Amino acid sequence: MTIRPILPLSDPSLRRQAMPVNDVSQVQSLVDDLLDTLYATRNGVGMAANQIGEALAVAVVDVSDGRNAPLVMINPRIVAQRGRVRGKEGCLSLPGYRASIARAEIIELAALDRCGQPFTLTACDFQAAAIQHELDHLAGRVFVDHLPRWRQRWVYWRHPQWRRPLPQG
């Protein structure tokens, strides 16, 4: 179990799509690291594997008041969604920035748990938004991708440290 560095938005790893996990026994220490890293933050509620440099379809979310009820998701996917709601979001890879993002209000999630057992979960409101946020990471997206183009330009102008480096050559 290790607290790992959280990659900033400028890191190209955040734009890579995560690969499916074939053997959950191979990602147990990754799950521990995700949880340790998440709980070491002051106010994080979720973390995806690519935020710590691992291109695997593993994410954790904990929206409980005591931060003691983690939801571990391996190979997660949204199988149904209903409604739309706007809410403020932030991201551990973009510290200090928050924006209003529209997300599905209710989702049905299908995934494997930490033991490799399939499960489904109906999530709503804040938990649904947190899950969608982490699944965006696994797809190589970040929450600012949901903003209008002009707002994205403003974010990168205001926070040049998050700009992706230009390709070499």
Side-chain angles (χ1 to χ4, degrees), residues 1 3-9 11 13-18 20-21 24 27 30-115 117-147 151-152 155 162:
M1 296 189 291
I3 297 170
R4 308 252 301 258
I6 299 169
L7 300 179
L9 178 58
D11 193 297
S13 298
L14 290 180
R15 297 299 185 165
R16 291 193 188 107
Q17 187 165 352
V21 172
V24 296
V27 295
L30 173 59
V31 170
D32 290 337
D33 290 355
L34 284 167
L35 291 169
D36 287 345
T37 304
L38 175 65
Y39 292 140
T41 68
R42 209 184 70 198
N43 56 2
V45 296
M47 180 152 304
N50 51 358
Q51 285 184 279
I52 60 171
E54 301 288 341
L56 293 169
V58 181
V60 297
V61 167
D62 189 344
V63 296
S64 66
D65 289 336
R67 295 178 85 197
N68 57 2
L71 172 65
V72 174
M73 302 171 286
I74 300 172
N75 299 335
R77 60 191 172 85
I78 295 172
V79 295
Q81 55 185 345
R82 295 189 303 280
R84 295 296 279 172
V85 65
R86 278 198 162 286
K88 284 277 194 185
E89 287 189 27
C91 181
L92 295 170
S93 293
L94 293 84
Y97 182 72
R98 293 174 51 86
S100 179
I101 303 295
R103 299 270 189 195
E105 183 176 16
I106 301 168
I107 63 166
E108 185 170 332
L109 173 78
L112 300 177
D113 67 14
R114 186 175 192 154
C115 298
Q117 295 302 306
F119 73 92
T120 59
L121 170 75
T122 301
C124 61
D125 303 321
F126 185 54
Q127 184 183 37
I131 291 169
Q132 291 170 83
H133 180 109
E134 298 314 320
L135 270 62
D136 270 355
H137 278 301
L138 297 179
R141 295 186 300 264
V142 292
F143 83 101
V144 294
D145 296 342
H146 293 279
L147 296 172
R151 188 66 172 176
Q152 290 178 35
V155 168
W162 294 337

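Since we're looking at a predicted model, the values are computed, not measured.
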>> Applying side chain to side chain donor-acceptor pair (under 3.5 Å), can you list everything that pairs with R77, at least two apart in sequence or on another chain?
In response: none
> Which residues satisfy the side chain to side chain donor-acceptor pair (under 3.5 Å) test with R82, sequence neighbours excluded?
Replying inline: none
>> I need the N75 CG to L138 CG distance, nearest 0.5 Å.
In response: 9.0 Å
> Does the side chain of V61 come within less than 4.5 Å of Q132's, by heavy atoms?
Replying inline: no
>> side chain to side chain contact (heavy atoms under 4.5 Å, CB included) for T120 and E108? Distances and angles first, verdict last.
In response: CA-CA 7 Å; T120 59; E108 185 170 332; 4.2 Å; yes
>> To check you understand the geometry: which heavy-atom pair defines the closest contact between A123 and A128, and what is its length?
In response: O-CB, 3.6 Å
>> Taking the side chain as everything from C-beta on, heavy atoms only, tell me whether Q127 gets closer than 4.5 Å to L121.
In response: yes
>> Does I106 form a side chain to side chain contact (heavy atoms under 4.5 Å, CB included) with T122? I'd like the steps, not just the answer.
In response: CA-CA 7 Å; I106 301 168; T122 301; 3.9 Å; yes
>> I need the minimum non-hydrogen distance between E134 and A48, along with the two atoms involved.
In response: OE1-N, 3.1 Å
>> Looking at every non-hydrogen atom in both residues, tell me the closest pair between A18 and A57 and how far apart they are.
In response: CB-N, 3.6 Å
> What residues form a salt bridge (charged side-chain N to carboxylate O under 4.0 Å, His left out) with D145, not counting sequence neighbours?
Replying inline: R15
> Do F126 and V45 have side chains that get closer than 4.5 Å, going by heavy atoms?
Replying inline: yes
> Is the closest side-chain heavy-atom distance between I6 and T41 below 4.5 Å?
Replying inline: yes
>> Strictly by salt bridge (Lys or Arg N to Asp or Glu O under 4.0 Å), give each pair with a member in residues 43-63 just once, sequence neighbours left out.
In response: R4-E54
Could you pull out all donor-acceptor pairs under 3.5 Å where a side-chain atom in residues 89-100 meets a protein atom, sequence neighbours excluded?
from : atom 1 : to   : atom 2 : distance (Å)
E89  : OE1    : R103 : NH2    : 3.1
E89  : OE1    : H133 : ND1    : 2.8
E89  : OE2    : R103 : NE     : 2.7
S93  : OG     : L7   : O      : 2.7
S93  : OG     : Q51  : NE2    : 3.1
S100 : OG     : R86  : NH1    : 3.4

> Got a sec, which residues hit side chain to side chain donor-acceptor pair (under 3.5 Å) with S13, two or more places apart in sequence or on another chain?
Replying inline: D11, R16
>> Test side chain to side chain contact (heavy atoms under 4.5 Å, CB included) on L56 and N50; report intermediate values, then the result.
In response: CA-CA 7 Å; L56 293 169; N50 51 358; over 6 Å; no
> Atom CD1 of I131 and atom CD1 of I107: how far apart are they, to the nearest 0.5 Å?
Replying inline: 4.5 Å
> Would you say V27 and R114 make side-chain contact, with heavy atoms under 4.5 Å?
Replying inline: no
> Under 4.5 Å between any side-chain heavy atoms of L30 and V58, yes or no?
Replying inline: yes
> Quick check: does any side chain N or O of R67 sit under 3.5 Å from a backbone N or O of L38, one acting as donor and the other as acceptor?
Replying inline: yes
> Looking only at heavy atoms, what is the nearest atom pair of V79 and A110, with distance?
Replying inline: CG1-CB, 3.9 Å
>> Go through it in stages, so that I can follow the logic: the residues are D113 and V72, the test is side chain to side chain contact (heavy atoms under 4.5 Å, CB included), and I'd like the CA-CA distance, side-chain angles, deciding distance and then a yes or no.
In response: CA-CA 6 Å; D113 67 14; V72 174; 5.9 Å; no
>> Out of the candidates L35, I52, D33, only one should pair with M47 under the side-chain contact (heavy atoms from CB on, under 4.5 Å) rule; please name it.
In response: I52
> When rounded to the nearest 0.5 angstrom, what distance separates CE in M73 from CZ in F119?
Replying inline: 7.0 Å
> Side chain of T37, backbone of L34: donor and acceptor closer than 3.5 Å?
Replying inline: no
> Do L9 and V142 touch side chain to side chain, with heavy atoms closer than 4.5 Å?
Replying inline: yes
